Amino acid sequence: MSTTTELDQALLPEVVAFLGKAVHHAFVDGDWLEASNGETFDVVDPGSGEKIATVSSLQKADVDKAVDAAARSFADSGWAKMPVAERSAVLHRIADAVEHRKSQFSQIESLDCGKVYSQAEEDVQGFIDTFRYFADLAQTVNYRSVIAVKNHEAWVARHPWGPCGFIIPWNFPILLAGWGLAPALAAGNTCVLKPAEDTPLSALYLCHVIQELDLLPPGVLNVVTGMGETAGAAVAGNPKFRRMSFTGSPEVGRLVAEACGRNLVPVKCELGGKGAAVVFNDVDIAVTADKLVAAITYHTGQVCCDATRWLIQSDIYDKFVGECVDRMQSVKVGYQLDSGTQMGPVVSAVQRKRVLGYLEKGVTDGAELVLKGGVAEVPGKSGFYVKPALLAGSLNNVAAREEIFGPVAFLTPFKSEEDGIRMANDTEYGLGNSVWSQDLARCARVAEAFESGNGWINAHNLIVHGVPYAGIGKSGMGGGVVSPETLNDYLRPISVIRPV
Ligand code: NAD
């Protein structure tokens, strides 16, 4: 493990104490649960390549215990029947507790994911804001709405569903935990969260804080750590869940959706992306290049909704590419907790191999390597660093069609508005696309013509509480996050009617 003296930003005593635990167990029914067979796995700091924690690797029987705890807690802990104002106050207390420990959460998240510290802080703030948003929204819901129909008395009542499952990936662990848990808890459900095996630490720290401050009845929140094929599959296949939410790759999304389908458990999938930025010739080239380079290097390009295909109107193409190359070359790659670092490592050796592999495959498939990329050396660190890269050419290229999940953009020129829209939509994915122009009428037209869940104007990765965010096609199905629709999804409607 890196010692505090090696870091630009010294680890806080609470973080050192947390990381010092011999084994981090899962959190089930208000207590720490060891894997029944004693199995553990190592968690590595992607910036140093060194082990920072040992975590229990739960088996199916252990996960089943967590789901049983969530079901029992739903039935008898009082959480589901608590007056909504009281439940909302609990969510605000959780947000307060995280806010008071924002630096601790941010350091843990930064170390665990390789995320630049300031970006980890933004994610922790996003968790806090999400809890506050749903705590307040839950108080505005009409839990019993009367329906005016002739000769009948009728109404719809809304109740929580029961135990809800969440399987999340490694790129935004604390933020995605917040996006999943907050609406479900605000509606009175109980939860079982399975973090990714690469990044389980912030969810476990959350449990530690919740337990220490006695913020939730036992069993309302359970965190099951372990491998995808074991603990993840046990979550996906448990028939006692009433809702399931999966965020991750389309490949695993299919497996989870199949398992849920067999049990008729409704499942929402938030999957990968291959977003386009359609840049017209009237933009301020310097400003737009700044924003797109910032987007593709944010969290080292490991962002599902990123702009990974940059479609540039032909008459500004050469100038635009030149400006992007200059900016990408000057991005400072370094250790995630060092001040001045603009781009940290990717999450693992596997992920680095994937990114470098796509550069090779893209060139073999006919793309031009405009900016070479490759392994980045960071003095004194043997983490998983890569340099930003740019490919260019026909979109009929493996690197333009498949999700790379690294700081790599694929450039292509387009002629007309019609071409730009067609090329943006020429993908199996449908998460977030953006249009860039000073002509706002054109922007509105193009943004609405995107075949994706989200159309952004003169910005990318624009996710705001209250505005639905979801994917279509290979990017997802069955709902969305951070909006009133999400909360509604965690409420079970029942129609009641009698003749009068
Ligand atoms: P992944 O699909 O490999 O893993 C996601 C989660 O699924 C992990 O917790 C993993 O342990 C679990 N898992 C793995 N195999 C499983 C199985 N057989 N059954 C049940 N669970 C299993 O994804 P990843 O590599 O962790 O994350 C990257 C992917 O996530 C990218 O495709 C990215 O675009 C996507 N993502 C999407 C969104 C969104 O909002 N649409 C947000 C973040 C990430």
Side-chain angles (χ1 to χ4, degrees), residues 26 41 43 46 55 57-58 60 63 112-113 115 123 126 130 165-180 192-200 203 223-238 241 244-260 262 265 267-275 298-308 346-348 350-355 358 402-406 427-432 452-454 461 463 468-483 486:
F41 61 96
V43 175
V55 178
S57 186
L58 296 200
K60 181 178 179 303
V63 170
D112 201 7
C113 310
K115 205 176 267 271
D123 291 1
T130 305
F166 301 86
I167 302 175
I168 59 172
W170 45 256
N171 59 342
F172 289 91
I174 191 74
L175 181 71
L176 296 180
W179 285 7
V192 176
L193 174 81
K194 151 76 178 80
E197 46 272 51
D198 283 311
T199 57
V223 170
V224 292
T225 48
M227 298 298 112
E229 313 78 63
T230 317
V235 171
N238 192 303
F241 283 117
M244 181 70 65
S245 165
F246 172 79
T247 310
S249 62
E251 295 72 27
V252 178
R254 283 196 175 99
L255 297 177
V256 171
E258 275 171 23
C260 289
R262 279 196 294 277
V265 172
V267 57
K268 169 170 81 168
C269 290
E270 305 285 340
L271 308 174
K274 196 71 196 177
Y298 189 83
H299 193 25
T300 322
Q302 300 164 116
V303 180
C304 51
C305 53
D306 225 330
T308 50
V346 293
V347 74
S348 62
V350 172
Q351 190 60 22
R352 179 162 72 177
K353 198 167 164 215
R354 177 186 167 101
V355 173
Y358 268 109
E402 296 181 9
E403 189 179 37
I404 299 175
F405 232 49
T427 170
E428 293 177 285
Y429 290 99
L431 194 49
S452 57
N454 310 280
N461 297 339
I463 302 172
Y469 168 80
I472 61 167
K474 210 173 160 183
S475 292
M477 64 171 201
V481 290
V482 303
S483 74
T486 322

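Every number for a ligand or one of its atoms is a count from 1 in the order of the listing. Everything numeric here is computed off the predicted structure, so don't read it as measured data. We're numbering straight along the sequence, starting at 1.
Not a single side-chain hydrogen bond (donor to acceptor under 3.5 Å, both in side chains) links Lys353 to another residue, sequence neighbours left out. By the ring-ring contact (aromatic ring centres under 6.0 Å, His included) test, Phe172 is found to be paired with His299, residues two or more places apart in sequence or in another chain being considered.
Proximity of Leu431 to ligand 1, defined as any heavy-atom pair under 4.0 Å, is confined to the side chain (atoms from C-beta onward). Under 4.0 angstrom from ligand 1, there are no non-hydrogen atoms of Val303. Neither the backbone nor the side chain of Phe172 comes within 4.0 Å of ligand 1, counting heavy atoms alone. Residue Pro195 touches ligand 1 through its backbone alone, judged by heavy-atom distances below 4.0 Å. When non-hydrogen atoms are compared, ligand 1 lies under 4.0 Å from the side chain of Ile167 (C-beta onward) but not from its backbone.
Side-chain contact between Ile404 and Arg354 is absent, with no heavy-atom pair separated by less than 4.5 Å.
On a distance-only criterion, Asn171 and ligand 1 share no N/O pair closer than 3.5 Å. The N/O atoms of Glu403, backbone and side chain alike, include one that comes under 3.5 Å of an N/O atom in ligand 1. At a 3.5 angstrom cut-off on N or O pairs, Leu271 counts as close to ligand 1. Looking at Ile168 next to ligand 1, an N or O pair under 3.5 Å apart turns up. Checked by distance only, ligand 1 and Lys194 come closer than 3.5 Å through their nitrogen or oxygen atoms. In terms of N/O distances under 3.5 Å, ligand 1 is approached by Ser249.
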Can Val43 and Glu197 be said to form a side-chain contact (heavy atoms from CB on, under 4.5 Å), step by step?
-> CA-CA 8 Å; Val43 175; Glu197 46 272 51; over 6 Å; no
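Assignment of Val481 to the shell around ligand 1 is not supported, since no heavy atom sits closer than 4.0 Å.
Pro200 and Pro195 make their closest contact through CA-CB, 3.9 Å (heavy atoms, listed as atom of the first residue, atom of the second, distance).
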